[in-house]
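Computed from heavy atoms alone, side chains included, the values below leave out hydrogens, waters and symmetry copies. The model shown is predicted, which means the values in this text are computed figures rather than measured ones. Order of appearance sets the numbers: ligands from 1, and atoms from 1 within every ligand.
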Amino acid sequence: MHVPKESNGKPALHPGNSDFIVVSNRLPVDRVPQEESDDGWRRSPGGLVTALAPVMASRGGAWVGWHGAPDEALEPFHHDNMDLIPVGLSAEEVELYYEGFSNSTLWPLYHDVIAPPEFHRTWWDAYRTVNQRFAHAAAGAAAKGATVWVQDYQLQLVPRYLRQLRPDLRIGFFNHIPFPPPEIFAQLPWRKEIISGLLEADLVGFQRASDTANFLRSARRFVGAGVKAAQVQSKDQDGKVVHISRAAPFPISIDVGQIQELAANPDVIARAKQIREDLGNPKTILLGVDRLDYTKGITHRLKAYGELLTEKTIKVEDAALIQVASPSRERVETYKQLREDVEGIVGRINGQHDTIQNTAVRYLHHSYPVEEMVALYLAADVMLVTALRDGMNLVAKEYVAARGDNTGALVLSEFAGAADQLKSALLVNPHDIDGLKSTIVRAVNLSPAESSRRMRAMRRQILTHDVQRWSEDFLTTLQTEAEPV
Ligand code: F6P
């Protein structure tokens with residue numbers, strides 16, 4: 001068993017001492033084989049860690065989560081101003097709870113059933129068992145009256161188990177992905193248990209107002225909850241309100257300061273220039289950055305771009321598309337299929353349109369450090385975010401934060417939560433391929449004046465709503481006592 005060394009000379013964690021605890025499926029760092037990283041750790045993928053890591057690094061506290069390696073037990077350790085409390089998962093639990101119930105049942109169900117969700121009782125059993133384990137770990141680490149903030153769809157039963165173990169705690173829950181309308185949620189055989197699990201939290205936060213409304217409608221419909229305004233009230237036999245759970249939207253954001261700092265860093269600026277040169281200094285660089293996930297609309301984007309090349313509306317000498325697709329959930333069948341589809345389409349587009357000097361699509365099946373991401377944002381004239389459904393999409397916000405000179409164009413799906421805040425983006429319905437094509441052409445040809453007007457408006461929003469503000473808004477609301485309405 002590998003036990004990481006203590007950093008910063010801090011003593012090991014004493015359970016029961018933490019006043020503030022975040023609980024999420026993944027820790028901010030993943031265990032990786034020694035040959036892949038110097039210290040055996042790598043930053044975990046996804047928007048959740050991007051958003052929460054800076055919050056936790058500045059406020060401190062404990063973080064309970066899985067360390068990404070099956071069948072490995074680790075002791076708590078200290079990292080980046082946080083106490084990390086690893087929760088172990090067996091290889092079978094990874095298959096049933098993580099790849100199964102979380103990512104083949106809930107993920108497609110919560111993302112508009114873009115892929116068909118699968119319902120298996122063995123997966124549900126594993127989900128319950130693992131949620132209990134996370135709740136135990138948090139209960140053991142929490143000080144009396146502590147605040148515990150549970151994150152995302154993998155852990156929707158944790159508020160209930162935690163409340164049973166530790167009624168003294170203040171419990172918040174934040175859902176990073178969409179919450180589906182009751183007409184879709186109804187398919188879930190365990191819909192009552194999920195809603196009741198969430199309702200044990202004092203505050204349930206969502207990305208969008210529409211997610212909040214969907215949840216409240218489901219609470220009313222499936223557990224007969226008394227919903228008043230944004231409150232769900234539980235009453236005793238005498239009709240006295242004994243517990244109030246509130247639901248509200250808290251759109252998540254990014255570490256704006258970090259992105260701005262990197263965007264002004266001479267090395268990053270030089271790297272952006274280098275990227276443009278390496279591509280042969282085309283007039284326009286288009287960029288897509290996504291986890292390789294079927295919700296992200298990567299195939300729709302490639303289809304639109306390929307057709308524009310075929311019709312010669314865009315010439316391969318003038319424009320290049322960089323598509324970063326970071327590896328994700330690679331053992332899940334729908335993800336394997338997506339990778340084949342995307343790579344087939346990229347191969348066909350490049351085979352048809354490449355010249356000796358020019359490549360139509362630079363497809364990069366890698367993850368990159370944030371410095372390289374910001375260099376890509378600086379190099380790109382047009383950012384393409386064409387998700388079919390997305391809780392928020394932080395890449396869109398990072399692009400805007402990086403564009404300090406108010407240039408560039410953001411093509412943004414109306415089905416991404418970010419569309420609620422970035423109203424001056426060029427909004428698209430990615431299912432409408434002709435509409436997507438004309439919006440890409442519009443973005444490529446946007447006048448400097450219009451580009452600047454739109455970017456300024458978006459930057460005003462992002463610069464005043466960073467991730468610190470998001471966490472403060474949520475945690476302040478969580479601390480205030482709910483008055484029955
Ligand atoms: O919010 C989206 C999310 O599912 C996070 O919960 C998760 O950590 C991230 O995307 C990446 O996915 P995964 O942990 O399955 O690799």
Closest candidate by heavy atom, reference atom 11 (C) of ligand 1, pool Ser24, Gly391, Pro45:
Pro45
Closest candidate by heavy atom, reference atom 16 (O) of ligand 1, pool Arg26, Arg329, Gln207
Arg26
Among all protein heavy atoms, pick out the one at the shortest distance from atom 5 (C) of ligand 1; state its residue, atom name and that distance to 0.1 Å.
Asp152 OD2, 3.4 Å
Return the closest protein heavy atom for atom 7 (C) of ligand 1 as residue, atom name and distance.
Gln154 NE2, 4.2 Å
Between [X] and [Y] (judged by ring centroids, cut-off 6.0 Å), do the two rings come close enough to count as a pair?
X: Phe185; Y: Phe179; result: yes
X: Phe250; Y: Phe206; result: no
X: Tyr98; Y: Trp66; result: yes

State the atoms of ligand 1, each with its element, that fall below the 4.0 Å cut-off from a heavy-atom position in [X].
X: Gly46; result: 9 (C), 11 (C)
X: Trp107; result: 4 (O)
X: His176; result: 1 (O)

Could you check whether Arg128 makes a cation-pi contact with Trp190, meaning its NZ or CZ is under 6.0 Å from the centre of the six-membered ring and within 45° of the ring axis?
no
Does an N or O anywhere in Tyr98 fall below 3.5 Å from an N or O of ligand 1?
yes
Show your reasoning for whether side-chain contact (heavy atoms from CB on, under 4.5 Å) applies to Tyr153 and Asn103.
CA-CA 9 Å; Tyr153 63 102; Asn103 290 319; 2.8 Å; yes
Within-4.5 Å side-chain heavy-atom neighbours: Leu48 and Ile252
no
